[in-house]
Amino acid sequence: MNFFRGVMGGQPAGPQPSGAETIQKLCDRVASSTLLEDRRDAVRALKSLSKKYRMEVGTQAMDHLVHILQTDRSDSEILGYALDTLFNIICNDEEEEQDESEDAVTPIPVAGKHKTVCTPDENAQKQADDLGTQFTDKFIQDSENVTLLLTLLEEFDFHVRWPGVKLLTALLKNQCAQVQGIILVSPMGVSRLMDLLADSREVIRNDGLLLLQQLTKGNAAIQKIVAFENAFERLLDIITEEGSSDGGIVVEDCLLLLLNLLKNNSSNQNFFKEGSYVQRMKPWFEVGDDNSGWSAQKVTNLHLMLQLVRVMVSPVNSPGATASCQKSMYQCGLLQQLCTILMATGVPADILTETINTVSEVIRGSQVNQDYFASVNAPSNPPRPAIVVLLMSMVNERQPFVLRCAVLYCFQCFLYKNQKGQGEIVATLLPSTIDANSISAGQLLCGGLFSADSLSNWCAAVALAHALQDNLTQKEQLLRVQLATSLGKPPVSLLQQCTNILSQGSKVQTRVGLLMLLCTWISNCPIAVTHFLHNQENVPFLTGQISENLGEDERLVQGLCALLLGICIYYNDNSLENYTKEKLKQLIEKRIGKENFVEKLGFITKHELYSRAAQKPQPVFPSPEQMLFDHEFTKLVKELEGVITKAVHKSSEEEKKEEEVKKTLEQHDSIVTQYKELIREQDAQIQELKEQVASMTSQNEQLQTSITQQLSQIQQHKDQYNILKLKLGKDSQSQANSQGDSSQVNGLQTEEITQLRDEVEELRKQNALLQTQLSDKDTLVNTLRSEAAQTAEGSAGGPDNTELLKELEALRSQVQSQMTEIHTLQTERQELLKRAEAGPLDSVPSSESSTDTAPTAELESRLAAQTSETERLKEEVRSLSESRAGLEQQLASATSTVAILQTEKGKLQTEVQESKKEQDDLLMLLADQDQKIHSLKQRLKDLGETVEDEDDLDARDQTDDDEEEDEDNED
C-alpha cells in the first residue's frame, strides 16, 4: 500500500516516478489484480490523475476502463470511478474540469519538469478540444461501448447513473452525429434516455435534460422518437412544477429542448398541436399590473417561450400547418394574452420587442386574427388602437432600432393578404374620413414619410407600400390623397409630393424608400402610371439619374430609377400622347442606351443587402444604415426585371405583332369560353332531363307496386268466390234431392207457388241488369285495349321506350286474364240461374196434387237459403266490378304516362339533333381558329418569339382559378 500512499499524496521514499510511469503501473494493477479492492483503488487513483494527466490517462487507461465497465458490473463504486475517469479525459468543458478540493493532487513532474495548472489560452483550449475529440473517436470506434453505456444508465445507483449521463453528454458534444447514429440503431436506446426525465433526483433529471438537448440537435428521426415518447407532456409538467416563467435554469433547459424538438420539424409541430399542448402555453404569459423588477432568468425564460410560439407559426412552415396553429392560438386565448403583454406597462424592452414579433407571426395571413388585432385598444385616455400606438413608436427616432423594426414587421404582417385592413389604412388618408381631433395611422405614416429622420422615411414608405400590395383598388384610391404643403399654396397629391422629395436629393435611405413605394404603387396600375407621367418633370429626372455616372452609394438609386421607368413602359396604356411606350423606349435609347439601362437595372439584384432581405419576411438588420430592402419588394423586382428588359428591347413592329397575336388569342379564348358556357348549359339541361326521367321511372315503379297489390286482392276475391261456389254447388244438389221428394208430395198451395215465381222473375231481371253492366265494362276494356295497341304501334320505333312497352304488354296480359276470369264467373252464374228456374217449374204439377204442409215448409226454407246465397253472389260481383274499375283507372294513368314519355322523348330527340348540329358548327369554327392560331404561332416562331402552347395556357388558367378560389375562401 506504500505505492498508493505515494500516489495519493503521502511522503514518498526515494526519487518520485514520472506521471506516465505512475499511470502505467496503475493500468497494470487494473489489468492484473484479482482482488476487487485493488482494482477499485487503482481506478480511483486514475480518476484523481485524469484531469492533470489527461493525455496519458486517455492513451493508456481507456481500454482498461472499458473492460472494467464490462466485467465489474456488480460493484457500483468501481463503475462510478471508471465513468468519472472517462468523463474527465473526454470532456472539453473548462468548468467541468476544475479541480475539486477533495480531488487535489500533488504536482507530479513530467520529464524532469513540473506541469503548472493555469488558465489555458485560445490555442491551449483548441488543443484540448482536439484531444477530447480524439478520445471520443477512440471510444465510439467500437459502437458496443456506447451500447454498454446505455445499459449502465438503467442502473438506479446514483454513483453510476449520474457519471454515465455526463459521459454520454460529453460524447454527444464532441461527435454528435456519430453518437446519434449509434443510439438510433440501439434497441430502446432513446427510450432509456427518456427515463431520465422521470428520475426523482433533480440532479440526474436536470443533467438528463442537457443530454437530450445534445441528442436532439439536427436529427429529425431522434426528435420524432423523443416526441412520441411523451416528451411534450413531461417537459410541460416540469415547467409547471418549476414555476413557469418564474422558474429557474431548469425551465430554460426544458424550453431549449422543446425548441429542438419543434423547430423545422413539421411532424412534431402537428403532434404538438393535435395533442392540445398549444393551450397549455397560455398560462405562461399571464402578467400582473406591476411588471418592474423582472429577474434576468425570468426574462430569458419568457424570451424562449415567445420563441416557442413563433416556431409554431413561423412563415417557413407549411401554410396549412401555420393557419391551423394560428386558429388554435386565437381560440384558446393565447393571442389575447400576448396582446395584453403588448399593451402592458413596465415590460422590459427586449421582451416587448419579441412579443411584437410573436404577435406579428400569429396574425400573419389569418383574417380572423388580423381582425381581432385591429380591435385591440391601448389602455390610454382616450383609448387608441394598438396599431396607432405601435406606429407612433415606429416613426419616433428616440425608440430603439430593434423595436422600430419589430413594429414595422407587425404592421406588414397585419396587412399581409388582408385587403380589408389595407382599405382601412388607406381610408384614414382620404379627405372624407380624416378626423382632426384624433391621430390616425395614415397621418402617422405621412408624418414619418416626410420627417427629417431617414429611418422614419424608409419605414413609413415601406409600411405604406404594404398597404398597396396586390390591391389595385387601394392604389387608385391613394391617388385621391391631397397634402397641404404650406399656407397660401394649393394642395398637392401624395404622388407628386413623393416625387418632389425624391428630386430634392435627400439621403440614400430616404430615396430608396420612396422609390420602392412608387414602384409598388404604379406597378400593375395603368391609371397610376398615367398620373406619374402626367408630371412633365418626372421622366427627365429619372433619365438624368440613370444616365449619370455616380458613386458606389448611388448605384442602388440608379437601379431603382431604372425599375421605375421600366414599370412606366410595361404598364403604359398609351393614354398620354407624349409618353407612349414607343416614345419612352426611344428616349431611353437616345439618352441612356438600352444596354446601359439594363445594366443599371441589374444593380438592384447585385446589391449585397438584396439577397439578405429576400431570405425571410422579418426585417432584421445589424444597423439602421443597412436597412434598404424590403422582403416583398424583392419579390416584385424578381417578377418585373425580366419582363422590363424584354419590353425595352422589343421594336414597335414586334409589339404590334404581339398585340395582334394577343388580340387574336383573346378572341379565340372568348370564343372558346362562349362554347364552354354553351356546353355547360347543355350539360345542365341534359342532367335536368335525366332527373325527370328518373322521377318518372320511380312513379312507374310505384304504379307497378300498386298493381301488384291489386292483383293480390283479386286473387283473394277469387279464392273467396271459389269457396262460395263450392258451397252453392252443395246447396243446389241438396235442393235437387228435395225437389225429387217434393214431386211425390201432394201439391203446394197456389199462392205460395205464385210468390216463388215472382221472386225468380225478380232474380232474372237483376241478372239481366248485371249482364248489361258487364257488357258495358267489356266494351270499355276493348276500347282501352285498342288505345294501348295504337300507343304501342306509335312508340314501337323508339328504343328508349322498350321498358315502358314491356310494362304495357304485362298490363294487357293481366287485363286479358281478368276478362277470362269474369267470363268464367258469368258462365257459372248463368248455370246457377238455370238451375234456379228449373226448380220451380218441376214443382208445379206436384204441388197441385200435394196436400201435405210439412214438405212445403221445408221447401220454403231451402228457397230462402238459396235467395240469401244469391244475395251474397251479387255482393261478390259488385266488389269484383269495383276492383275492375280500379284496374281500368290504373291502366288509364299508365297510358297517360306513356304519352308523356313519348312527348318528352320527342323533345329530347329534337334537342339532341340541334345540339349535334351546333357541335358540328363549333367544330368547324374551332378547326378554322386552330388553323389561324397555328399559322400565327408559326409566324411568331419565324420571328424568333417564344410561343406558349395551349396546355401551358390551360395550366395557367387553372392556376389562376385555384388562386382566386383560395383568395375567396380566405376572404
Side-chain angles (χ1 to χ4, degrees), residues 236 239-240 242-259 263 280-314 329 333-364 373 376-381 383-414 455-456 459 618-624 627:
L236 293 175
I239 291 172
T240 304
E242 295 291 330
S244 296
S245 60
D246 294 322
I249 190 71
V250 178
V251 174
E252 180 182 350
D253 292 336
C254 291
L255 292 171
L256 288 172
L257 179 54
L258 283 172
L259 285 173
K263 195 170 185 179
R280 295 187 61 177
M281 293 194 292
K282 180 189 173 184
W284 296 351
F285 304 102
E286 294 178 355
V287 296
D289 297 332
D290 185 14
N291 297 310
S292 60
W294 284 15
S295 64
Q297 186 62 55
K298 181 173 182 178
V299 172
T300 302
N301 291 344
L302 203 54
H303 196 274
L304 290 172
M305 290 172 178
L306 291 169
Q307 286 186 359
L308 193 62
V309 176
R310 292 185 65 185
V311 164
M312 297 297 296
V313 293
S314 175
M329 289 177 182
L334 179 58
L335 175 60
Q336 294 84 329
Q337 203 67 46
L338 293 173
C339 291
T340 303
I341 298 177
L342 201 64
M343 296 291 105
T345 57
V347 178
D350 52 349
I351 292 298
L352 180 61
T353 302
E354 190 64 21
T355 303
I356 294 173
N357 289 326
T358 305
V359 171
S360 305
E361 294 182 352
V362 173
I363 68 174
R364 187 175 189 268
F373 182 71
V376 175
N377 289 323
S380 59
N381 191 16
R384 291 175 176 171
I387 297 174
V388 174
V389 176
L390 292 174
L391 288 177
M392 292 172 68
S393 301
M394 185 185 74
V395 298
N396 188 353
E397 56 184 315
R398 291 192 296 272
Q399 293 293 338
F401 173 64
V402 291
L403 179 62
R404 299 174 74 180
C405 291
V407 173
L408 176 61
Y409 184 46
C410 184
F411 191 74
Q412 291 173 350
C413 292
F414 169 68
L455 184 59
S456 297
C459 292
Q618 183 181 0
V620 180
F621 303 97
S623 64
M627 202 169 186

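Nothing here was measured: the structure is a model prediction, and the numbers come from that model. Just so you know, these numbers use all the heavy atoms, side chains as well, and skip hydrogens, waters and symmetry mates.
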For the pair Val620 and Tyr409, evaluate side chain to side chain contact (heavy atoms under 4.5 Å, CB included) and give the outcome as yes or no after the intermediate values. CA-CA 9 Å; Val620 180; Tyr409 184 46; over 6 Å; no

Can you find a heavy atom in the side chain of [X] that is under 4.5 Å from one in the side chain of [Y]?
| X | Y | value |
| --- | --- | --- |
| Asp350 | Val299 | yes |
| Arg280 | Thr240 | yes |
| Arg404 | Pro624 | no |
| Leu408 | Met627 | yes |
| Leu455 | Glu397 | no |
| Leu334 | Val362 | no |
| Leu302 | Trp294 | yes |
| Leu236 | Leu258 | yes |

Within 6.0 angstrom of Lys298 NZ, more than 12 heavy atoms from elsewhere: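 Count over threshold, so yes.
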
Do Gln297 and Asn301 have side-chain atoms, one donor and one acceptor, less than 3.5 Å apart? yes

Donor-acceptor side-chain pairing of Ser360 and Arg310 below 3.5 angstrom: no

Gap between atom [atom2] of [Y] and atom [atom1] of [X] - 0.5 Å precision:
| X | Y | atom1 | atom2 | result |
| --- | --- | --- | --- | --- |
| Ser456 | Met394 | OG | CE | 7.5 Å |
| Met312 | Met329 | CE | CE | 6.0 Å |
| Leu391 | Phe411 | CG | CZ | 5.0 Å |
| His303 | Ser245 | NE2 | OG | 14.0 Å |
| Leu338 | Lys282 | CG | NZ | 11.0 Å |
| Thr353 | Gln399 | OG1 | CD | 9.5 Å |

Search all heavy atoms of [X] against all heavy atoms of [Y] and return the closest pair with its distance.
| X | Y | answer |
| --- | --- | --- |
| Ala386 | Met343 | CB-CE, 3.9 Å |
| Val347 | Leu352 | CG1-N, 4.0 Å |
| Glu361 | Ser314 | OE1-CA, 4.1 Å |
| Phe414 | Phe373 | CD1-CD2, 3.9 Å |
| Leu390 | Cys410 | CD1-SG, 4.0 Å |

List the steps and the verdict of side chain to side chain contact (heavy atoms under 4.5 Å, CB included) for Phe285 and Thr355. CA-CA 10 Å; Phe285 304 102; Thr355 303; over 6 Å; no

Could you please spell out the steps behind the side chain to side chain contact (heavy atoms under 4.5 Å, CB included) verdict for Leu304 and Leu308? CA-CA 6 Å; Leu304 290 172; Leu308 193 62; over 6 Å; no

For the pair Leu255 and Glu252, evaluate side chain to side chain contact (heavy atoms under 4.5 Å, CB included) and give the outcome as yes or no after the intermediate values. CA-CA 5 Å; Leu255 292 171; Glu252 180 182 350; 5.7 Å; no

